[in-house]
Amino acid sequence: MAKIKEIAVVASQTRLGDDVYSMWIKTKEITAQAVPGQFVDLYTKDGAKLLPRPISICETDKDKGLLRLVYRVVGGGTEEFSHYKEGDTIEVLGPLGNGFPLEAGGKGKKAFLIGGGIGIPPMLELAKHLPCEKQVVLGYRDVLFLNEEFSPYGDTYIATEDGSAGTKGNVLDAIREQGLKGDVIFACGPTPMLKALKAYAYEHEIECYLSLEEKMACGIGACLACVCKSKSVDEHSMVHNKRVCKEGPVFKAEEVEF
Amino acid sequence: MNTKVNLAGVELNNPVMTASGTFGSGEEYSEMINLNHLGAVVTKGVANVPWPGNPTPRIAETYGGMINAIGLQNPGMEVFIKRDIPFLKKYDTKIIVNVCGRTTEDYIEVVERLADEPVDMLEINISCPNVKEGGIAFGQDPKAVEAITREVKKYAKQPVIMKLSPNVTDIGVMAKAAEAGGADVLSLINTLTGMKIDINRRTFAVANKTGGLSGPAIKPIAVRMVYQAANAVKLPIIGMGGIMNAEDAIEFILAGATAVSVGTANFRNPYAAEEIVRGIEGYMKKYNVEDIRELIGAVR
């Protein structure tokens, strides 16, 4: 088995928030291989938009061969996806990148699952697969989405920038306000959040795994567009660069520099 | 039906190769396509020492194209020779190594180091728009083009392809300069220098401010330049610039290209290069073309 590009069929699509959509697509082989924290590339039908859109995997239904993608409309490409209805086709390449290390959240541990904005979706598939005790911390600008779906897997804490729900502020404000403690952090979200979590994990001497985002072209490690700064010399690049799409998107916090 | 073409004594099974920088050294794409089906793999630029490349963001999509400013990140020639050449040798395809440098001495160091390696051809990148030194600095002045070609030819054991920049006033003059310097083959076009501004963040879309525009948006310019270069020199030409499918590839061949490179299309469709090989065969069947060489420069 390896990554493949195929034409998937949209099984359903719903709107979760202002500009956030949830789409289930039928793609048996990609779903069968997918692990939490991986992503897929989606291709627009509009040929003037050349590059695939990397979208994290929110959930899988391996029995039915269904993949759930929760994404935000940020431009013309995602706008096109948001109009797709049941039965429409979509080209998809995947699964891409490496997932979160599930063994780091083994039984007996207490993990933080932290998502910020459109970094929240991949944490849901992770919540379903991590064997340890979980506390979920979700950061939003204002409108909530997906938060209720985490409740079967652990206590969920919310932070909003405008204070409309949960703690007013960011995910770290929520962690401090609630006095939460944990042994390991799994996180995906905007770079400032990841940077702050790296510092928090260092200060509290806990393990921390971060899922990064960067502008991508090929999605498979060939074009070197989506690099991040690495602490040590990377053995593929021979410089302080790692490929987010290939060595990532999940990195151990101390491996990467912001 | 013959699809073999000859570039300076190197026989390719078919005229389709990958454009430098879009395909690494083939390893990542080999998970998805069969490299045995390609005429050649042209590697990402290799320098004498590792280069870190530019800050991110390194790419931005534009209408019908994309801008990149990777900055020739590469692991340096020693790792390339130890790791990438043995990988490519496993396949029945030709190996063309793209060579980059900041100074003439840098280029020569790589060319000399590759002299006894199992490499079929060298492509000298004098047209990268995204690095401060080297690259395009050598490719925009005919005297400099001729001089570096001559220097490289002194040391090269493999046939030398000079990769030309479209960011010039007269491509024919540059093509003649490379020919005068002793080039064996020309490849064109590299990317066109472009810029995109992110109006929401009010900043440049790529960190380097400018980048190289590629993709179907530039194809008509590329076809025109291949035609002009083919009419200016006797050398075989590798045509590229926005080839997305077999029809595009055939346009370049009819304009005068002996072979073609597939670049940005790999990002849109990882199977593109392989599909183009089959598509060219389909075109030849449809029009009863016995030998692909009948098509080269057939439109004058």
Side-chain angles (χ1 to χ4, degrees), chain A residues 1-7 33 41-54 74-78 91-97 191 212-230 233-247 258, chain B residues 18 21-33 44 49-80 83 200 205-207 211 214-217 242 244-245 263-272:
Chain A
M1 297 286 265
K3 48 183 83 84
I4 58 156
K5 185 180 180 219
E6 66 169 7
I7 298 170
Q33 299 180 62
D41 265 353
L42 298 183
Y43 298 80
T44 58
K45 290 189 170 58
D46 175 0
K49 296 184 179 70
L50 285 182
L51 300 177
R53 273 56 179 165
V74 292
T78 41
E91 282 191 62
V92 55
L93 168 69
L96 302 174
T191 303
L212 272 58
E213 191 180 37
E214 187 50 75
K215 288 265 184 262
M216 293 182 182
C218 74
I220 62 172
C223 74
L224 308 184
C226 67
V227 297
C228 62
K229 287 271 158 240
S230 60
V233 171
D234 172 63
E235 61 178 49
H236 177 266
S237 70
M238 300 310 291
V239 291
H240 291 262
N241 284 344
K242 284 186 185 291
R243 297 167 291 185
V244 173
C245 73
K246 182 84 174 175
E247 280 83 42
F258 295 102
Chain B
T18 57
T22 64
F23 206 74
S25 290
E27 197 207 329
E28 294 82 13
Y29 279 97
S30 72
E31 266 190 67
M32 307 195 64
I33 70 170
K44 174 143 183 81
V49 294
W51 285 16
N54 287 329
T56 57
R58 290 176 167 186
I59 57 151
E61 189 178 72
T62 60
Y63 196 90
M66 66 177 284
I67 288 176
N68 91 79
I70 307 294
L72 293 173
Q73 181 188 321
N74 79 90
M77 63 185 182
E78 292 307 329
V79 164
F80 175 82
R83 179 184 68 198
N200 297 312
V206 295
S214 64
M244 298 301 284
N245 50 45
T264 302
N266 296 310
F267 306 153
R268 174 82 191 170
N269 173 14
Y271 310 118

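Naming: A, B, ... by sequence-line order, numbering from 1 per chain.
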- Message: Could you report the tightest heavy-atom contact between B:Pro50 and A:Val239, atom names first, then the distance?
- Response: CB-CG1, 3.7 Å

- Message: Is it the case that atom OH in B:Tyr63 sees more than 12 heavy atoms from other parts of the structure closer than 6.0 Å?
- Response: no

- Message: Is A:Lys229 close to chain B through its backbone or its side chain, or both, or neither, when contacts mean heavy atoms under 4.5 Å?
- Response: neither

- Task: Taking all non-hydrogen atoms of both residues into account, name the closest pair between A:Val227 and B:Gln73 and its distance.
- Result: CG1-OE1, 3.6 Å

- Task: Please state whether the side chain, the backbone, both or neither of A:His236 comes within less than 4.5 Å of a heavy atom of chain B.
- Result: both

- Should B:Glu31 and A:Lys3 count as an ion pair when the cut-off is N to O under 4.0 Å? yes

- SG/A:Cys218 to CE/B:Met32 distance, rounded to the nearest 0.5 angstrom? 10.5 Å

- Message: With chain A as the partner, which of B:Ser25, B:Gly21, B:Gly24, B:Gly64 has the greatest number of non-hydrogen pairs under 4.5 Å?
- Response: B:Gly64

- List the steps and the verdict of side chain to side chain contact (heavy atoms under 4.5 Å, CB included) for A:Thr44 and B:Arg268. CA-CA 9 Å; A:Thr44 58; B:Arg268 174 82 191 170; 3.3 Å; yes

- Message: What part of B:Ile70 gets within 4.5 angstrom of chain A, counting heavy atoms only: side chain, backbone, both, or neither?
- Response: side chain

- Message: Which residues pass the ring-ring contact (aromatic ring centres under 6.0 Å, His included) test with B:Tyr29, not counting sequence neighbours?
- Response: B:Phe23

- Note on the structure: Minimal heavy-atom distance between A:Glu214 and B:Pro57, with the atoms involved, is OE2-CA, 3.9 Å

- Task: Using non-hydrogen atoms and a 4.5 Å limit, figure out which bit of B:Asn74 sits close to chain A: side chain, backbone, both or neither.
- Result: backbone

- Task: Identify the two heavy atoms, one from A:Tyr43 and one from B:Phe267, that lie closest to each other, and give their separation to 0.1 Å.
- Result: CE2-O, 3.5 Å

- Message: So which residue, A:Gly77, A:Gly221, A:Cys228, A:Cys226, ends up with the most heavy-atom pairs under 4.5 Å with chain B?
- Response: A:Gly221

- Any idea which heavy atoms bring B:Ile59 and A:Ala225 closest together, and the distance? CG2-CB, 3.7 Å

- Could you state the interatomic distance from CG (B:Asn54) to CG (A:Leu224), rounded to the nearest 0.5 Å? 11.5 Å

- Side chain, backbone, both or neither: which part of A:Asp46 has an atom under 4.5 Å from a heavy atom of chain B? backbone

- Message: Ignoring hydrogens, what is the shortest heavy-atom contact between B:Met244 and A:Leu50? Give both atom names and the distance.
- Response: CE-CD2, 3.6 Å

- Message: Is it true that, when you exclude B:Glu28 itself, more than 12 heavy atoms of the residues, nucleotides or ligands shown sit nearer than 6.0 Å to its CD?
- Response: yes

- Output all residues satisfying side chain to side chain contact (heavy atoms under 4.5 Å, CB included) with A:Glu235, sequence neighbours left out; order by chain, then residue number. none

